[in-house]
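Following: one structure in structure tokens, then a few remarks.
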Amino acid sequence: MQNNSHLLPRAAIVNLRGSKVREVANAGIGRTDVLTFWFGEPDEVTPDFIRAAASESLARGETFYSHNLGLPELRQTVATYLARLHPNPAATIVSDNIAITSAGVNALSLAAQCIVNPGDRVVCVTPLWPNLVEIPKILSANVECVSLDFTPQGWRLDLDRLLAALTPDTKMLMVNSPNNPTGWTLTRDEQKAILARCRRHGIWLLADDAYERLVFDGSGCAPSFFDISDANDRLVSANTFSKSWLMTGWRLGWIAAPAPFIEQLGKVIEYNTSCSPVFIQRAGDAAITHGDAVIARTQERFRAARDHLCAALNALPGVQAPQPPGAMYAFFKVDGVTDSLAFCKKLVTDFGLGIAPGAGFGDEGEGFLRWCFASELPRLDDGLERFKRGLETLR
């Protein structure tokens with residue numbers, strides 16, 4: 001057999017783990033009878049007023065490049081939104097702190113490119129969306145994972161274990177709260193301790209805030225590091241329009257960071273995507289400016305779906321599904337599932353149900369499944385009936 005190893009990219013790319021969620025989804029490609037709950041997106045299209053803003057922009061002929069950092073008016077809109085959400089005189093957010101990116105994951109990747117060198121040590125709190133764990137590896141960094149602990153009440157952080165991992169040789173900490181896949185959400189006291197340790201050792205803190213508005217305690221927003229930071233902190237927030245405003249397919253996000261960081265980030269955006277399309281940025285501006293009602297409705301809808309799905313799952317034998325305080329996923333343990341990838345593929349092929357394998361979010365996720373509950377209740381019920389039939393094959 002011919003050896004084609006010389007045609008492969010560098011080893012850091014070859015050694016990246018593939019997405020097990022995508023692997024399950026690929027098993028259902030082309031099948032219209034599969035109920036899909038595997039990706040983190042709602043079953044609703046983007047609201048009309050957001051789509052109209054994009055259409056009107058295209059009708060005006062706005063098909064040219066924009067500034068690397070985004071339209072000035074959108075950067076200001078995002079800054080005003082964040083300053084309203086996180087009022088903090090010690091770290092007032094202005095447009096110079098904002099860069100517009102081509103999706104939230106692009107924001108995470110760009111931020112990491114600006115921080116991480118080959119061989120640097122990066123710490124991640126897991127289970128975690130695999131993209132965050134693998135992005136530093138693309139840059140040839142060394143990633144250490146600190147796992148949450150699963151309890152009947154939900155996932156919990158061993159704060160002492162995390163702080164012990166934040167040593168002076170750590171370059172960056174990546175935290176996603178509310179968390180994909182578990183819904184775990186940092187408390188204010190935990191944030192204060194983490195920020196203090198990062199300050200002590202000069203560690204960059206990269207916060208994935210994609211789900212900060214998807215919380216179910218009535219607060220409207222998860223605790224943020226912005227609430228307790230100051231202008232000198234090495235704090236970078238990556239965010240997205242996908243979740244809060246039902247814009248998953250638009251691929252629009254932002255980075256909020258110290259102004260000197262943002263100024264240099266423009267060069268990295270130029271060498272990645274150059275800029276986000278103007279008509280998509282117009283849609284994002286409309287979403288933030290007029291979208292408070294969308295967020296409020298989404299919070300209520302997802303809360304009802306969470307309560308409904310978790311109650312139904314907990315009624316099944318051998319299933320533990322604690323209610324997540326945030327995000328849009330039930331991450332639940334199933335007795336008898338020792339290979340979650342194989343089981344999820346079986347659910348697709350034999351029962352027409354698409355959910356995500358826990359192993360796709362790290363070794364600590366094995367034995368768990370992730371179900372995106374951003375859906376109407378009858379659709380969830382249909383999925384539950386299919387899941388029950390699949391569950392019987394384990395008994």
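Since this is a predicted model, take the numbers as computed values, not measurements.
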ask   = Would you call Pro42 and Phe302 a side-chain contact if the rule is heavy atoms closer than 4.5 Å?
value = yes
task = Any chance you could measure Ser140, atom OG, to Asn142, atom CG, to the nearest 0.5 Å?
result = 9.0 Å
inquiry  = Evaluate Asp227 against Gln191 for side chain to side chain donor-acceptor pair (under 3.5 Å), listing each step before the verdict.
reply    = CA-CA 10 Å; Asp227 298 327; Gln191 286 181 330; over 6 Å; no
task = Go through the steps to decide whether Asp217 and Ser219 satisfy the test side chain to side chain donor-acceptor pair (under 3.5 Å), and finish with yes or no.
result = CA-CA 6 Å; Asp217 61 359; Ser219 65; 2.6 Å; yes
request  = Measure across Val294 and Pro47 and return the closest heavy-atom pair with its distance rounded to 0.1 Å.
outcome  = CG2-CG, 3.9 Å
request  = Salt-bridge test for Lys388 and Glu385: reply yes if a basic N is under 4.0 Å from a carboxylate O, no otherwise.
outcome  = yes
query = Mind checking whether Pro72 and Gln76 have side chains closer than 4.5 Å, heavy atoms only?
reply = no
ask   = Would Glu376 and Arg301 satisfy side chain to side chain contact (heavy atoms under 4.5 Å, CB included), going step by step from the backbone distance to the final call?
value = CA-CA 8 Å; Glu376 291 298 319; Arg301 195 168 80 95; 2.8 Å; yes
task = For the residue pair Phe331 and Phe361, categorise the inter-ring angle as parallel (less than 30°), tilted (30 to 60°) or perpendicular (more than 60°).
result = perpendicular
message = With a 4.5 Å cut-off on side-chain heavy-atom distances among I, L, V, M, F, W and Y, is there a chain of contacts connecting Trp371 to Leu394?
response = yes
task = In plain terms, say whether Asp382 and Arg379 are close enough for a salt bridge, that is, a side-chain N and a carboxylate O under 4.0 Å apart.
result = no
inquiry  = Run Glu73 and Thr77 through side chain to side chain donor-acceptor pair (under 3.5 Å) and show every step you take.
reply    = CA-CA 6 Å; Glu73 49 268 53; Thr77 295; over 6 Å; no
query = Phe39 versus Val21: any side-chain heavy-atom pair under 4.5 Å?
reply = yes
ask   = Any donor and acceptor pair, going by atom type alone, linking the side chain of Arg370 with main-chain N or O of Trp38 inside 3.5 Å?
value = yes
message = Under the rule for side chain to side chain donor-acceptor pair (under 3.5 Å), what residues qualify as partners of Arg197, not counting sequence neighbours?
response = none
query = Rounded to the nearest 0.5 Å, how far apart are CG of Leu82 and CG of Asn88?
reply = 12.0 Å
ask   = Within a strict 4.5 Å, meaning less than it, do heavy atoms of the Ile100 and Ile269 side chains meet?
value = no
Nearest heavy-atom neighbours spanning Val268 and Gln113 = CG1-OE1, 3.5 Å
task = With sequence neighbours left out, write down each residue that passes side chain to side chain donor-acceptor pair (under 3.5 Å) with Arg297, or none if nothing qualifies.
result = Glu44
ask   = Does the side chain of Glu212 pick up a donor-acceptor pair with the side chain of Ser224 at under 3.5 Å?
value = no
remark   = Separation between OG (Ser55) and CD1 (Ile50), nearest 0.5 Å, reads 12.0 Å
key: Euclidean distance, Leu391 CG relative to Leu316 CG, rounded to 0.5 Å   = 6.0 Å
ask   = So, Thr170 and Thr167: side-chain donor and acceptor under 3.5 Å apart, yes or no?
value = yes
query = Thinking salt bridges, do Asp339 and Lys346 make one under a 4.0 Å N-O criterion?
reply = no
inquiry  = Working note: Arg282 + Asp285, criterion salt bridge (Lys or Arg N to Asp or Glu O under 4.0 Å); need CA distance, chi angles, decisive distance, verdict.
reply    = CA-CA 5 Å; Arg282 297 293 187 202; Asp285 200 311; 5.6 Å; no
ask   = Would you say the side chain of Leu313 lies within less than 4.5 Å of the side chain of Leu384, judging by non-hydrogen atoms?
value = yes
key: Atom pair CH2/CG of Trp204 and Asp233 - distance to nearest 0.5 Å   = 10.0 Å
ask   = Would a hydrophobic clustering, with Ile, Leu, Val, Met, Phe, Trp and Tyr connected at side-chain separations under 4.5 Å, put Val122 with Ile203?
value = no
Using a 3.5 Å cut-off and no angle test, enumerate the donor-acceptor pairs between side-chain atoms of residues 123-138 and protein atoms at least two apart in sequence or in another chain.
from	atom 1	to	atom 2	distance (Å)
Thr126	OG1	Glu364	OE2	2.4
Trp129	NE1	Asn131	OD1	3.4
Glu134	OE1	Arg17	N	3.3
Glu134	OE2	Arg17	NE	2.8
Glu134	OE2	Lys137	NZ	3.2

message = Taking the side chain as everything from C-beta on, heavy atoms only, tell me whether Leu74 gets closer than 4.5 Å to Val78.
response = yes
ask   = Hey, would you say the Phe387 and Phe332 ring centroids sit under 6.0 Å apart?
value = yes
message = Taking the six-membered ring for Trp, are Phe368 and Phe150 closer than 6.0 Å centroid to centroid?
response = yes
Beyond-backbone contact of Ile115 with Lys171, side-chain heavy atoms, under 4.5 angstrom = yes
message = Please check if the number of heavy atoms outside Glu270 that lie under 6.0 Å from its CD is greater than 12.
response = yes
request  = Could you tell me how the ring of Trp245 sits relative to the ring of Trp254: parallel (under 30°), tilted (30 to 60°) or perpendicular (over 60°)?
outcome  = tilted
query = Under the 6.0 Å and 45° cation-pi test, does Arg303 pair with Phe216?
reply = no
request  = Flag yes if Leu16 and Leu110 sit in one hydrophobic cluster, no otherwise; membership is Ile, Leu, Val, Met, Phe, Trp, Tyr, and two members link when side-chain heavy atoms are under 4.5 Å apart.
outcome  = no
query = Is there a side-chain contact between Val278 and Ser57 (heavy atoms, below 4.5 Å)?
reply = yes
query = Can the ring centroids of Tyr329 and Trp155 be said to lie less than 6.0 angstrom from one another?
reply = no
message = Between Glu144 and Arg121, does any NZ, NE, NH1 or NH2 come within less than 4.0 Å of an OD or OE carboxylate oxygen?
response = yes
request  = Using a strict 4.0 Å threshold on nitrogen-to-oxygen distance, state whether Asp33 and Arg386 make a salt bridge.
outcome  = no
